[in-house]
Amino acid sequence: MKPFLISSLIVFLAACSGTPNEPQPYTLAVAHINDHHSHLLPTANRSIRVGDETYKVETGGFARVAAQIDVIRARHENMLTLHAGDAITGTLFYTLFKGEADAALMNHVCFDAMELGNHEFDNGDSGLKQFLDFLSLSNCATVVLGANVQPEVGVSALTQKTRWDSFKPYAVFERGGEKIGLIGLDIAVKTKQSSQPDRTTEFADEYETALYYIRELQGLGIEKIGLLTHIQYRNDLDLAARLPAVDFIIGGDSHTLLGDYTKHGLNAVGPYPMPVMNADNQLVCIGHAWEYSQAVGEMVIEFAGDDVANCGGQAHVLVAEDAPQAIAQLPQFAAIAEQAEAKKLIVSYQDQLDSLTTEVIATVADRLCLRRMGPATSDSCGIGRQSDAHRVVAEAFLASAPQADFALQNGGGVRAEIAPGDFTIADAYRLLPFANTLVEVQITGAELHTVLEQALDYALSDSGSDGAYPHGAGIRFDVDLTAEFGSRFSAIQVWQEDSWQPLDDTKTYTMITNSFLAGGSDGWRLLGELELAGKVTDTYVNYAQSFVDWIRTTKTIKRPTDHSTQRYESGS
């Protein structure tokens with residue numbers, strides 16, 4: 001018999017035996033980051049504990065992210081490179097370059113897909129469009145996802161012609177002859193309430209959206225399905241349990257570190273990756289990669305047919321190449337040099353920041369602590385006192401508007417504590433990195449009480465953010481976090497005529513705050529209603545610039561005095 005006839009017979013017999021119908025093994029690797037928030041530079045002197053020894057090492061930076069992703073790519077045949085959102089806002093690289101620097105580094109790495117995060121909307125739909133335009137200036141062709149993001153077509157800068165002008169609900173990638181569907185989800189309530197999307201931009205329910213597009217992908221014959229989410233770790237766990245057909249989730253927003261790090265002094269919440277079961281009782285692999293360009297996740301998913309057989313891989317916290325051997329030899333730390341090309345790109349932007357970084361505009365006498373929500377709880381910060389950093393920011397706002405009776409600021413709007421020593425313009429923009437302006441609000445005492453209750457209620461809610469917590473100047477109050485809505489704030493007083501005066505429910509006050517809150521964001525819903533009623537006036541003064549102007553005059557920043565300190569009940 002001729003050789004080709006023998007081969008044909010073997011193929012025929014194998015087909016008849018049913019062997020090709022058995023589940024075939026397949027491995028997919030995913031390199032991923034999330035929440036880098038314009039943190040392009042490394043972090044100096046991070047403490048890492050090994051046994052009884054604590055070391056100070058340089059960690060992270062986007063040039064190390066690029067280098068580590070190169071390493072991961074070199075050892076896997078079938079791979080995706082993903083960014084789970086909040087690429088922008090948080091440092092001067094965004095404040096001054098409006099996403100150009102972040103996009104340049106992301107294009108250099110070349111992500112296959114990015115999910116829109118809540119902070120992508122901090123400068124409205126038009127601000128996001130500007131960042132996405134920068135991201136498109138490359139042959140990389142990163143697919144931007146946002147299945148539940150719904151800008152108004154013809155109104156939003158994101159959707160001038162169709163809903164999918166600027167992003168897609170899902171993407172389909174072919175790797176090693178297999179098709180992988182990837183659906184993107186943004187955190188709905190938080191983005192609408194705690195960022196600044198256009199008023200007409202809506203966000204659909206995460207579960208219902210995911211289920212809809214899972215069915216659509218299955219209708220296309222695609223059964224290997226992942227979610228690229230920016231909805232927080234605990235919500236990823238919940239979504240995985242409720243949804244069918246999902247094989248893996250790459251997430252962000254909660255800045256979650258997964259892996260064996262707790263014994264090394266880093267706060268990890270579970271193993272990497274986290275294996276859970278979906279609604280079909282099939283395995284799902286969940287991965288998050290911490291924050292601020294500090295880590296890269298390397299998820300390795302082993303399939304048997306279309307079902308996940310094993311969740312493997314390793315999260316890599318990035319440390320300098322000269323890190324102590326005790327750290328470098330640990331599998332969960334990657335001692336790696338910054339990639340030269342990426343570092344050169346970062347330096348090109350860093351050079352443009354130098355003049356701002358070096359100009360000293362004031363002196364800080366004492367460390368001013370930062371606590372987003374509630375009273376400080378340590379001696380170094382001052383037991384029973386409000387967060388110092390928030391207080392001085394509110395004092396600066398109030399000084400910028402002498403006609404105002406008091407100032408209020410949300411916890412999430414102040415992003416750093418203030419260290420003693422020289423204070424520069426760059427420090428001010430790191431402290432207040434968002435594109436907010438100061439606004440005046442005409443508000444009655446009764447309305448103010450409602451706003452405070454709304455803010456705290458949102459801060460305490462599962463779908464909210466502790467960044468909603470109110471901080472003020474010229475105003476103080478007692479807080480009971482355990483009380484019911486409507487009863488949490490008491491003894492509200494306003495500083496007038498050199499003394500504390502009880503809040504008058506019927507009196508109209510002038511409040512100074514930021515434009516983010518004035519739109520009703522972060523749960524401060526009544527302010528949005530007051531804005532629509534014409535009771536909000538925008539000063540068009542950038543809030544960071546107002547702080548710079550105040551600090552130039554003040555010269556020396558000290559801890560707030562007693563008369564401007566909020567009081568707290570012991571139960572708060």
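Owing to the predicted nature of the structure, the values given are computational and were not obtained by experimental measurement. This chain uses plain numbering: 1 for the first residue, then up along the sequence.
- For H76, there are no ring-ring contact (aromatic ring centres under 6.0 Å, His included) partners two or more places apart in sequence or in a different chain.
- The six-membered or imidazole ring of Y233 lies away from that of H255, with a centre-to-centre distance of 6.0 Å or more.
- Salt bridge status for R371 with E417: absent, with no side-chain N to carboxylate O gap under 4.0 Å.
- No close placement of the F434 and F516 rings is indicated, their centers lying 6.0 Å or farther apart.
- The side-chain heavy atoms of M114 and F111, taken from C-beta on, include no pair separated by under 4.5 Å.
- When each of Q196, K190, K192 is checked for a side chain to side chain contact (heavy atoms under 4.5 Å, CB included) with N118, only K190 meets the rule.
- By the 4.5 Å heavy-atom criterion applied to side chains, L228 and I183 are not counted as neighbours.
- A side-chain N or O of K56 and one of S47 form a donor-acceptor pair less than 3.5 Å apart.
- Residues D133 and K129 are paired through a salt bridge, judged by an N-O separation under 4.0 Å between the basic side chain and the carboxylate.
- Rounded to the nearest 0.5 angstrom, T256 OG1 and N34 CG are separated by 8.0 Å.
- In this view, F203 and F121 satisfy the ring-ring contact (aromatic ring centres under 6.0 Å, His included) rule, not counting sequence neighbours.
- Between the side chains of Q294 and R64, no donor N or O sits under 3.5 Å from an acceptor N or O.
- T424 is not listed as a side-chain neighbour of T358, based on a closest heavy-atom distance of 4.5 Å or more.
- Counting heavy atoms of neighbouring residues, nucleotides and ligands inside a 6.0 Å radius, atom CG of N267 does not exceed 12 of them.
- Inter-residue side-chain proximity for Y429 and Q545 is flagged as met; some heavy-atom pair is nearer than 4.5 Å.
- Around NZ of K179, the count of heavy atoms belonging to other residues, nucleotides or ligands within 6.0 Å does not exceed 12.
- Across D102, T89, N123, a single residue satisfies side-chain hydrogen bond (donor to acceptor under 3.5 Å, both in side chains) together with Y94, and that is N123.
- At a cut-off of 3.5 Å, with distance as the only test, no side-chain donor of N45 or E58 sits close to an acceptor on the other residue.
- No hydrogens or angles considered: a donor-acceptor pair under 3.5 Å links the side chains of N514 and Q409.
- Nearest heavy atom pair, residue S38 against residue I88, reads OG-CA, 3.5 Å.
- Contact annotation: the side chain of V317 never approaches that of Q332 to less than 4.5 Å [non-hydrogen atoms, C-beta and beyond].
- For the pair P433 and T95, the tightest heavy-atom approach, listed with the atom from each and the gap, is O-OG1, 3.2 Å.
- Side-chain contact of Q339 with H108: a donor-acceptor pair under 3.5 Å is present, judged by distance alone.
- Ring to ring, F333 and H264 are close: their centroids are under 6.0 angstrom apart.
- Judged by distance alone, with hydrogens and angles left aside, the side-chain atoms of N107 form a donor-acceptor pair with the main-chain N or O of L135 at under 3.5 Å.
- Judged as a ring-ring contact (aromatic ring centres under 6.0 Å, His included), and not counting sequence neighbours, the contacts of H36 are F62, H83.
- Residue pairs that meet the side chain to side chain donor-acceptor pair (under 3.5 Å) test with at least one member in residues 310-319, sequence neighbours left out, are E298-H316.
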Practice task
Applying side chain to side chain contact (heavy atoms under 4.5 Å, CB included), run through D247 and V284 and close with a yes or a no.
Solution key: CA-CA 5 Å; D247 298 308; V284 181; over 6 Å; no
Practice task
Using the side chain to side chain contact (heavy atoms under 4.5 Å, CB included) rule, take Q352 and L96 through it: C-alpha gap first, then chi angles, then the decisive distance, then the call.
Solution key: CA-CA 9 Å; Q352 300 175 57; L96 297 183; over 6 Å; no
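- For R46 and T59, the side-chain atoms include at least one donor-acceptor pair closer than 3.5 Å.
- Between F167 and L116, the closest side-chain pair of non-hydrogen atoms falls below 4.5 Å.
- Side-chain N/O atoms of D186 and H230 include no donor and acceptor closer than 3.5 Å.
- Contacts of D306 classified as salt bridge (charged side-chain N to carboxylate O under 4.0 Å, His left out), with partners at least two apart in sequence or in another chain: K224.
- Between A103 and F134, the shortest heavy-atom contact is CB-CB, 3.5 Å.
- When all heavy atoms of R367 and D388 are compared, the pair lying nearest together is O-OD2, 3.9 Å.
- A search for ring-ring contact (aromatic ring centres under 6.0 Å, His included) contacts involving F93 returns nothing, not counting sequence neighbours.
- Between D366 and R559 no salt bridge is recorded (no basic side-chain N to carboxylate O distance below 4.0 Å).
- Contact detail for A240 and V276: the closest heavy-atom pair is CB-CG2, 3.8 Å.
- In E174, the CD atom is crowded: over 12 heavy atoms of neighbouring residues, nucleotides or ligands sit closer than 6.0 Å.
- In this structure, a donor-acceptor pair under 3.5 Å is present between the side chains of R73 and T81.
- Summarising the geometry of R49 relative to T262, their closest heavy-atom pair is NH2-O, 3.6 Å, with the distance given to 0.1 Å.
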